[in-house]
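Comments concern the structure below.
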Number of protein chains: 2
Amino acid sequence: MAAIAPKEGVKDAILDATDRLLARYGYRKMTVEDIAHEAGIGKGTIYLHFTSKEEVVLSHVDRIVERLKERLREIGSSGAPAAERLRLMLIARVMFRFDSIQHYTQSLNDLLAALRPGLLSRRAIYFEAEAQIFAEVLANGRSSGEFVFDDEQVTAHAMLQATNGLLPYSLSTTELGERQEVEQRTADVADLILRGLIGRK
Amino acid sequence: MAAIAPKEGVKDAILDATDRLLARYGYRKMTVEDIAHEAGIGKGTIYLHFTSKEEVVLSHVDRIVERLKERLREIGSSGAPAAERLRLMLIARVMFRFDSIQHYTQSLNDLLAALRPGLLSRRAIYFEAEAQIFAEVLANGRSSGEFVFDDEQVTAHAMLQATNGLLPYSLSTTELGERQEVEQRTADVADLILRGLIGRK
DNA sequence: CTGCTGACCAAATTCGAATTTCAGTCACAT
DNA sequence: ATGTGACTGAAATTCGAATTTGGTCAGCAG
């Protein structure tokens, strides 16, 4: 048989098997032997294509991200206005990950369980209270003619959501990072958001 | 001695002690006896003011959020233009939490350790690659006169940061929530962002 | 009498040794 | 030359005993 063609086929078969097993069992419970069995090959064969179990799973994630990037480029090169393309790309990015993350549901639930349940339930209350304060300033800016927007509740929520990814308890911010750095990122996002509110001259 | 005055003082003393111990030991390692000792009172006294250890800590967080809200209102009622006030409020919100979160550094690190380290290191790479695709569409929109902005790299990063909080692996999104709901939130944030890019007529 | 306390108890957590599981290797089969 | 699964050491899991800790309450100090 050809040397490269079947090799590549096997590699994909391993990743496909990983995909299914990850969804079913999660990283911890899935063993390398499971993957081999699901892919219909011997355990040793996996180590001809990957250096470790972790490498297999990371390659699997790489493949997902590669597909996302493909989808983003697809949308990005369509004929629609740039604003519409970006809008669709942003939504696609979040929803693509939303759909892929099902695999990690178990681990995510474990993570969330480690936080105090009481804290989680108060988050929503804090969020609302803060949004209220922002909404008032928004309404204030609109009545003075400085801003143009439809609904101050929706706008306030979106503003806070947009900066939530910068909060230190967000896992998006992989490590906390330097204070200075976080502040700069926040300022960039704030500027981006606020430009949209200021009335057209 | 007076009945109410010292009582309130004690409540604050308990929360102050909690603040210091939380910073030093984190929730798990801090015992109720520790709090009592640090506050210079008996263990039983704590249960005259709070129903449980968890209640003590949640009250402590409530107090922090209350202070943040105070600060937000302060900025919100200053004489500056609304856009500037909102800008400062957004930054204050993120940085206030950044500073308060030090208490949870230990628990956060535990949480992060539970994730695959390799995954964390690839996050930055994925982020850059996706940002690149967005930057191209941005540049595209600018050269066609549709958009107005300074730096497409900075803008692309800010756009992705702004939607990062909506990603399911973000703890900001306390529970994953319904797909439909996540999509709506994402669309709201995307609209907010894009309004700022579209050239003034 | 009132407000506070720390000894006490049940439940949770920790510890450590015994046991099991599993990622990764390699001698051998095909 | 390619693929395999029995094997190995390290890591994870189990489990029961020992320890710790959240929460209570009888009694003490003021």
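Just so we're on the same page: letters track the sequence lines, and every chain starts at 1.
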### Task
In whole angstrom, give the distance that lies between atom OH of B:Y47 and atom C1' of C:dC9.
13 Å
### Message
Can you confirm whether or not the ring centre of A:H157 sits under 6.0 Å from the ring centre of A:F127?
### Response
yes
### Query
When we call it a touch if two heavy atoms are under 4.0 Å apart, what does A:I41 touch: a base, just sugar-phosphate, or nothing?
sugar-phosphate
### B:E54 CD to C:dA12 C1', straight-line distance once rounded to whole Å
15 Å
### Task
Rounded to the nearest angstrom, tell me the gap between atom NZ in B:K53 and atom P in D:dT24.
15 Å
### Summary
To the nearest angstrom, the CG-C1' distance between A:L21 and C:dA23 comes to 16 Å
### Message
The test is side-chain hydrogen bond (donor to acceptor under 3.5 Å, both in side chains); show your working for A:T31 and A:D34 and say whether it passes.
### Response
CA-CA 5 Å; A:T31 75; A:D34 288 341; 3.3 Å; yes
### Task
Give the C-alpha distance, both sets of side-chain angles, the deciding distance and a yes or no for side-chain hydrogen bond (donor to acceptor under 3.5 Å, both in side chains) between A:R93 and B:N164.
CA-CA 10 Å; A:R93 187 174 98 103; B:N164 263 357; 2.5 Å; yes
#### Entry: B:I46 CD1 to D:dT24 P, straight-line distance once rounded to whole Å
13 Å
## Note on the structure
A:E33 CD to D:dC7 P, in whole Å, measures 13 Å
### Query
NA contact type, A:S52, heavy-atom cut-off 4.0 Å: base, sugar-phosphate, or nothing?
sugar-phosphate
### More than 12 heavy atoms from other groups under 6.0 Å of CD on B:E33
no
### Message
If I take atom NZ in residue B:K43 and atom C1' in nucleotide D:dG22, what distance separates them, rounded to the nearest angstrom?
### Response
6 Å
### Message
So, does A:R28 get its side chain near the phosphate of D:dT13, meaning an N or O under 4.0 Å from OP1 or OP2?
### Response
yes
### Message
Less than 4.0 angstrom between a side-chain N/O of A:T45 and OP1 or OP2 of D:dT4, yes or no?
### Response
yes
### Query
Quick one: A:L48 CG to D:dT4 P, roughly how many Å, whole number?
9 Å
